[in-house]
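Shown next, in structure tokens, is the structure this report addresses.
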Protein chains: 2
Amino acid sequence: MTTKTKPEAARLPLNTILNGDCIELMRSLPEASVDLIFADPPYNLQLRGDLHRPDNSKVDAVDDAWDQFGSFAAYDRFTRDWLAAARRILKPDGAIWVIGSYHNVFRLGAELQNQGFWILNDVVWRKSNPMPNFRGKRLTNAHETLIWASKGEGAKYTFNYEALKALNEGVQMRSDWVLPICTGHERLKNKDGDKAHPTQKPEALLHRVLVATTKPGDVVLDPFFGTGTTGAVAKMLGRDFIGIEREAAYREVAEARLAKVRKFDKSALEVTQSKRAEPRVPFGQLVERGMLRPGEMLVGPGGKAAKVRADGTLIADDIKGSIHQVGAALEGAPSCNGWTYWHYRRDGKNVPIDVLRQQIRAEMS
Amino acid sequence: MTTKTKPEAARLPLNTILNGDCIELMRSLPEASVDLIFADPPYNLQLRGDLHRPDNSKVDAVDDAWDQFGSFAAYDRFTRDWLAAARRILKPDGAIWVIGSYHNVFRLGAELQNQGFWILNDVVWRKSNPMPNFRGKRLTNAHETLIWASKGEGAKYTFNYEALKALNEGVQMRSDWVLPICTGHERLKNKDGDKAHPTQKPEALLHRVLVATTKPGDVVLDPFFGTGTTGAVAKMLGRDFIGIEREAAYREVAEARLAKVRKFDKSALEVTQSKRAEPRVPFGQLVERGMLRPGEMLVGPGGKAAKVRADGTLIADDIKGSIHQVGAALEGAPSCNGWTYWHYRRDGKNVPIDVLRQQIRAEMS
DNA sequence: ATATAGGCTGAATCCGTTG
DNA sequence: GCAACGGATTCAGCCTATA
């Protein structure tokens, strides 16, 4: 158990599995209190006891299409209710992931949009070892779809771009992820030796989701906890979790699983940071500190020149302004990173002024 | 023009491009008369401001009037109407394909289901060369989604299982297709040399769709014909097509294109052959898959050590980076193959991490 | 003629902080 | 809340120009 001092965290049942219906339980939690929701909702309409066709006297006589629509209406109500409950407890800068197959994911995605969630990406989990289509009547169903959404248009969200780029050998992570399905030792068994859960997700999938879109210490809620993959990976990665599961058999397996999980060592959880996280250094400091002198000339890559002024602005002909503004104006570009654009001369060589910024940053740390 | 003896075909405007609104025109066609519908409707992208690449060049956005809808409700009405019109003219044993991105595909899929279509597969077009995410704010949007549906539960449909298996080097075709986007000579230009259509689809994609789900002589209708990729591939493959397009500029380009197409052109087929290369395995996958734990130590041949982090980077003292970068830095070398340099300990022995990469490659093949 | 370098482009819901 | 502004951000493939 983690000790929390934040007020909202004090009211949250962190790192536990709640027993019951996820809609009711989410309604009982404080609003705007969790950072991320990961949801793997059921989609088999027949197995869900709480899904009923609407009480419509004409149903008996109608064709398959209407029957489907009736079932879909019930599924849509269920989706609307749990998503609304999830939305309430999500922080304004939080995010949600849902996963589904073609049976339900279109309804999930449409309802996400209807409720104002803002889709950031749809992600394809491409299974490296899917079950073949034995009858040869369709394509091998070799993927599932995840949807990642923020709370609304313009809302902030966490995305560890550099960490994911590192995970992908230095190139941007794409929206299609190749990962094997959950088999072997990772696949949990019950006492009879049968698989404990029909759709256990691989830890690798949750690892990528949580590394990508949460920070250490974030609260991750999973309303369809199952055997607790979300909780297990959250614990490993130093995130707090809240699980909701109404089937006792799944809760038992998940509890046993979670007890065995160990958190990774703290320094291993630090992840490659973006340059945006570095402290801001005003260009004027380089002048104040005497690294550059007022009157000194800077040159751009194309040979364009500008003069440093005492207040940390540049002047080139009649163009005055910041290093960025003058660079952009000279290039006719919408923007310009003055730190990499401008160079000063030392020992007959052109050195980017960014070197000086790095010196200052090194002193600061 | 093909001579048809079937009665319904006699009333169909085969191998022509109809000028006008697709909803009205589909309503004017005889019911239950076409075998396949391929539809690439507007995506309703909802782009806000301009987007520039890091080199300051401006991205040519899809800002055409035909992609603008006032609200999800307006888009849903449009979708409902054209899908209903399409459904009416589809034969009972016919099928429909739609393509979209996360902006619209969830609404498309949900409405297909609402109208009684029976989804057979969702298919992911994995782009081998997508446009990157220039600002590093999300995952690279590297795929689009197609939905393949029959007219209803239990309805018959055409699926050429063996042909697709042959296209896929003898193994079952999966639901994820790797194909490049439409560029180069295939990308049609207008008189000014600009692209004739902002979203032209590759012929290889239509080739696979038509080979998979139509027979020679089938009638294929495309209500959003654009520059006529569907018609061109249908003609090559000996299928009849009906195109509907309301923009005169697109119709003109499509007419010229179709006039040049000859039946049984194999060029599209060649494009579908994927290049066989040793798949690249990011080191991060070893961490995600639990083969190595964050916090675990790796050792180099000279005994130098580094710690694995959750994002697949290493840290040794204050040196952080990829397995290759950290290896090179510790050795003072310009480069280093981290796969052979680094070893992990198992059963008292040092094992090169390349062994783990080989395991993953074995799974993938 | 062949290799290399540089330029250009693609269905994109693409910034965050300070004043 | 809005405006100003600092400054961070790209991959694959094809085409053209140069060596």
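Naming convention: chains lettered A, B, ... in sequence-line order (proteins, then strands); numbering from 1 in each chain.
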So what does [X] touch, heavy atoms closer than 4.0 Å: a base, only the sugar-phosphate, or nothing?
X	answer
R357(A)	sugar-phosphate
E153(A)	nothing
T340(A)	nothing
V281(A)	sugar-phosphate

Q) Do T272(A) and K320(B) have side-chain N/O donor and acceptor atoms under 3.5 Å apart? A) no
Q. Can you tell if the side chain of I147(B) reaches within under 4.5 Å of the side chain of I119(B), non-hydrogen atoms only?
A. yes
Q) Can you find a pair of side-chain heavy atoms, one from R126(B) and one from V124(A), that are under 4.5 Å apart? A) no
Separation of [N] [atom2] from [X] [atom1] (nearest whole Å):
X	N	atom1	atom2	result
K275(A)	dG16(C)	NZ	P	17 Å
R135(B)	dG7(D)	CZ	P	14 Å
I323(A)	dG6(D)	CD1	P	8 Å
D176(A)	dC11(D)	CG	P	15 Å
E186(B)	dA12(D)	CD	C1'	16 Å
W339(A)	dG6(D)	CH2	P	11 Å
R276(A)	dG16(C)	CZ	C1'	9 Å
M173(A)	dT10(D)	CE	P	14 Å

Q: Under 4.0 Å from any atom of DNA chain D, heavy atoms only: list the residues of residues 157-168 of chain A that qualify, in numerical order.
A: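 Heavy-atom contacts with DNA chain D come from Y161(A), E162(A), K165(A).
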Can you pull every protein N or O that's under 3.5 Å from an N or O on nucleotides 17-19 of chain C?
none

Residues two or more places apart in sequence or in another chain: which of them pass ring pair (Phe, Tyr, Trp, His ring centres under 6.0 Å) with [X]?
X	value
W148(B)	W97(B), Y157(B), F159(B)
F106(B)	none
H103(B)	none
F225(B)	F241(B)

Where do N or O atoms of nucleotides 8-12 of chain C meet protein N or O atoms at under 3.5 Å, pair by pair?
from	atom 1	to	atom 2	distance (Å)
dG10(C)	OP2	K195(B)	NZ	2.8
dG10(C)	O5'	K195(B)	NZ	3.3
dG10(C)	N7	R53(B)	NH2	2.6
dG10(C)	O6	R53(B)	NE	3.0
dG10(C)	N2	P130(B)	O	3.2
dA11(C)	OP2	R187(B)	NH1	2.7
dA11(C)	OP2	R187(B)	NH2	3.3
dA11(C)	OP2	P198(B)	O	3.3
dA11(C)	N7	K201(B)	NZ	3.3
dA11(C)	N6	P41(B)	O	3.1
dA11(C)	N1	Y43(B)	N	3.0
dA12(C)	O3'	N141(B)	ND2	3.2
dA12(C)	N1	G49(B)	O	3.3

For the [atom1] atoms, the ones on [N] and on [M], what distance do you get once it is rounded to whole angstrom?
N	M	atom1	answer
dG10(C)	dC14(C)	C1'	15 Å
dG7(C)	dT10(D)	C1'	14 Å
dG16(C)	dG1(D)	C1'	15 Å
dA11(C)	dG7(D)	C1'	28 Å

Q. Is a salt bridge present between R107(B) and D76(B), judged by a nitrogen-to-oxygen distance below 4.0 Å?
A. yes
**Q.** Any residue meeting salt bridge (charged side-chain N to carboxylate O under 4.0 Å, His left out) with D122(B), in chain and number order, not counting sequence neighbours
**A.**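 Testing D122(B) for salt bridge (charged side-chain N to carboxylate O under 4.0 Å, His left out), a comparison that skips the adjacent residues, returns none.
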**Q.** Check against ring-ring contact (aromatic ring centres under 6.0 Å, His included), W177(B) and H207(B)
**A.** CA-CA 12 Å; W177(B) 300 351; H207(B) 183 274; over 10 Å; no
(Q) Could you write out DNA chain D as dot-bracket? Rules: Watson-Crick or G-U wobble, both distances under 3.5 Å, brackets [ ] for crossings, | for pairs with another strand, dot for unpaired. (A) .|||||....|||||||||
**Q.** Centroid-centroid under 6.0 Å between F224(B) and W66(B) rings
**A.** no
Q. Among pairs that include at least one residue of residues 150-172 of chain A, which meet salt bridge (charged side-chain N to carboxylate O under 4.0 Å, His left out), considering only residues two or more places apart or in two chains?
A. E153(A)-R48(B)
Q. Is the distance from OP1 or OP2 of dG6(D) to the nearest side-chain N or O of H324(A) less than 4.0 Å?
A. no
Q: Please state whether the phosphate of dT9(D), meaning OP1 or OP2, lies under 4.0 angstrom from any side-chain nitrogen or oxygen of S335(A).
A: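 For S335(A), the contact criterion (side-chain N or O under 4.0 Å from OP1 or OP2 of dT9(D)) is not met.
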**Q.** Verdict with reasoning, R257(B) to T229(B), per side chain to side chain donor-acceptor pair (under 3.5 Å)
**A.** CA-CA 9 Å; R257(B) 171 189 198 173; T229(B) 306; 3.1 Å; yes
Q) Start at the 5' end of DNA chain D and walk down; is the nucleotide closest to C336(A) or to V171(A) reached first? A) C336(A)
Q: Kindly write out the residues that satisfy side-chain hydrogen bond (donor to acceptor under 3.5 Å, both in side chains) with Q46(B), not counting sequence neighbours, or none if the list is empty.
A: none
Q) Under the side-chain hydrogen bond (donor to acceptor under 3.5 Å, both in side chains) test, which residues partner T145(A), sequence neighbours left out? A) none
Q | Out of dG6(D), dC11(D), dT9(D), whichever nucleotide has its closest atom nearest the side chain of S322(A) | A |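 Of the options given, the side chain of S322(A) lies nearest dG6(D).
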